[in-house]
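Note on naming: letters A, B, ... go to the chains in the order of the sequence lines (proteins, then strands), and numbering restarts at 1 for each one. Computed from a predicted structure; not experimentally measured.
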Amino acid sequence: MNIIVLQLFIAGRTPRTEHAISTLRQLIEQRLIGYPCELVIVDVLTDPQQAEERHILATPTLIKMLPLPQRRIIGDLADADGLLAALSLPPLSSA
Amino acid sequence: MSSTSPIEKIPTGIPGFDHIANGGMPRGRTTLVSGTAGSAKTVFAAQFLAAGIQQFGEAGVFITFEESPEALRRNMVGFGWDIAAWEEQGKWAFVDVSPQPDSEELVRGEYDLGALLARITYAVKRVGATRVALDSLGAIFTRIENSQLIRSELLRIVTAMRAMGVTAVLTAERTQEYGEIGRYGVEEFVTDDVVILRNLIEEEKRRRTIEILKFRGTSHQKGSFPFTVIPGEGVVVIPLSAIELKQRSSNLRTRSGNDDIDRMCGGGFFRDSIILVSGATGTGKTLLATTFLASGAAQGERVLLFAFEESRDQLFRNATGWGFDFETFELNGQMRVICNYPEATSLEDQLISIKKEIQSFKPQRVAIDSLSALERVSTMKGFREFVIGLTSFIKHQEVVGLFTSTTPTLLGGSSITEAHISTITDSIILMRYVELFGEMRRGMTVLKMRGSAHDKEIREFIIDGRGIHIGKAFRTISGILSGQFTHTAPSEIERLGNLFKDEGDVA
């Protein structure tokens with residue numbers, strides 16, 4: 001089964017950070033039930049090397065690492081609606 | 001006691017820039033470097049870091065929004081900057097914010113540039129940087145559409161950099177050479193210091209200039225100065241009017257190589273002086289220059305000739321004809337002859353290569369034959385700046401400089417060269433054709449000899465196989481300098497002479 005790997009880059013715990021995290025949680029818990037899903041949160045203030053390697057410019061930035069193709073979304077993600085489509089999720093596992 | 005300290009500056013190490021900046025960039029601040037496409041902004045930014053590493057052992061961080069680090073490493077090698085090696089040594093770090101081809105970005109909701117700031121901070125700490133370059137502002141705006149956001153984030157970054165104590169350069173595009181400083185309206189309020197690079201077209205010739213528009217709270221030279229970008233060095237600013245007239249002048253005389261001319265000059269040329277020899281084509285300027293150099297070399301001095309009119313072979317052959325063995329002088333390492341076409345390079349580059357030759361060869365005598373040949377490859381303004389830059393440089397080197405200048409007309413006349421240079425030269429020798437009862441003769445006069453008495457007469461001279469021979473003064477003819485000759489009867493001259501008898505002889 002295709003595993004979903006998401007990386008969220010944040011810069012400290014700001015309202016935007018909290019908003020992005022809660023939106024993502026909501027997405028995973030409500031709309032991606034049954035898909036193995038891994039969410040890694042990287043704080044660029046404590047781990048700037050990661051931000052450098054991934055060329056992160058803005059925070060928050062969400063990267064869908066897997067399944068390919070990779071997708072990047074900048075911003076606090078607004079709301080969960082339309083976010084799946086933006087990420088090309090869920091993966092079409094059976095197709 | 002006052003708690004505010006004066007603004008300190010750090011020398012950038014960019015040749016000439018620190019001079020026009022009265023010391024360098026204001027320490028701990030961000031200086032905006034604005035220019036149109038192709039105005040050498042990126043080179044300037046990279047050089048700010050490279051010079052810091054090479055000359056001051058200061059590490060730097062380069063934040064690139066436009067070119068990839070790979071492209072920058074490759075493009076800067078030509079200036080002698082081995083960025084990859086500096087990266088390995090921990091002296092240079094890139095923060096790569098250049099567009100990544102493989103990843104498209106979508107925007108959803110609110111964001112800031114916290115990651116960028118974190119990366120800059122991290123890179124600065126990692127290499128212990130004191131210098132930062134951001135290149136370029138325009139590329140940030142193409143990557144992020146929200147200009148309001150960029151404005152506030154830029155301010156946050158600039159403030160953070162100030163807190164870190166780094167001195168930074170931020171490049172920005174402008175659409176026109178004159179007018180607004182930048183396109184985005186953020187430039188001026190983000191930084192206190194603005195430098196403008198221009199790449200102008202004047203009379204179909206490219207000319208680069210640099211201007212420090214403002215350094216808040218500290219001084220700098222006003223106006224724009226030419227600069228050039230040369231392989232192996234990068235940006236070289238030519239600080240013309242910044243040159244102070246504080247050359248040491250000495251009373252030591254240098255022989256011109258011709259006793260008659262020495263006598264006319266009151267005992268020879270002064271060391272540390274510039275002599276301008278002006279005359280129509282064929283009046284013997286090159287011979288005078290050749291004699292001047294050869295006599296120096298014969299005394300064991302080092303002499304340098306820049307020839308822009310004649311080829312090497314021609315010069316050597318003519319010198320041999322007058323009894324000077326240039327080849328032996330050159331073999332002995334006493335002489336260097338550099339011939340090139342004025343058209344081969346721009347005047348700014350020419351000036352820099354002339355300076356380099358003088359610095360490396362360390363001659364006691366320098367001749368340029370002819371200065372006016374360089375006139376045609378440049379604009380008036382460019383030429384004037386070249387002449388001023390060159391003369392002041394030569395005077396600082398404590399050498400005697402002899403420049404020839406060809407007048408555009410055969411009789412009388414003056415040239416642009418003279419108009420620009422006459423006030424900064426110490427001596428002017430005029431060589432003119434004189435029409436005397438259907439015959440072309442040659443006349444010479446010392447028009448000016450700073451700090452010395454000199455012969456005021458216009459003397460006839462002849463050129464033969466042994467060189468220049470100066471004879472008697474022209475007594476029966478006037479208007480030689482203007483080319484409008486009038487002949488006067490000898491009796492009239494005597495009468496006029498008696499009128500002023502009391503003045504006595506001038507040396």
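Paired with A/Leu57 under the rule side-chain contact (heavy atoms from CB on, under 4.5 Å), one option of B/Ile140, B/Val97, B/Val95 passes, and it is B/Val97.
Proximity to chain A (any heavy atom under 4.5 Å) is restricted, for B/Phe94, to the backbone atoms N, CA, C and O.
The CD1 atom of A/Ile74 lies 13.0 Å from the CD atom of B/Glu110; values are rounded to the nearest 0.5 Å. Taking CZ from B/Arg108 and OG1 from A/Thr23, the interatomic distance works out to 8.5 Å, rounded to the nearest 0.5 Å.
Taking both residues in full, the closest heavy atoms of A/Thr59 and B/Leu113 are given as OG1-C, 4.4 Å, listed atom of the first, atom of the second, then distance. What you find for A/Arg16 and B/Asp112 is that their closest heavy atoms are NH1-OD2, 3.1 Å. Between B/Ala115 and A/Ala58, the closest heavy-atom pair is CB-O, 3.9 Å. Listed here is the closest heavy atom pair of A/His55 and B/Arg119: C-NH1, 3.3 Å.
Atom CZ of A/Arg31 sits in a crowded spot, with more than 12 heavy atoms from other residues, nucleotides or ligands closer than 6.0 Å.
The closest donor-acceptor contact from the side chain of A/Glu52 to the backbone of B/Asp96 lies under 3.5 Å.
A donor and an acceptor atom, one from each side chain of B/Tyr122 and A/Gln49, are located under 3.5 Å apart.
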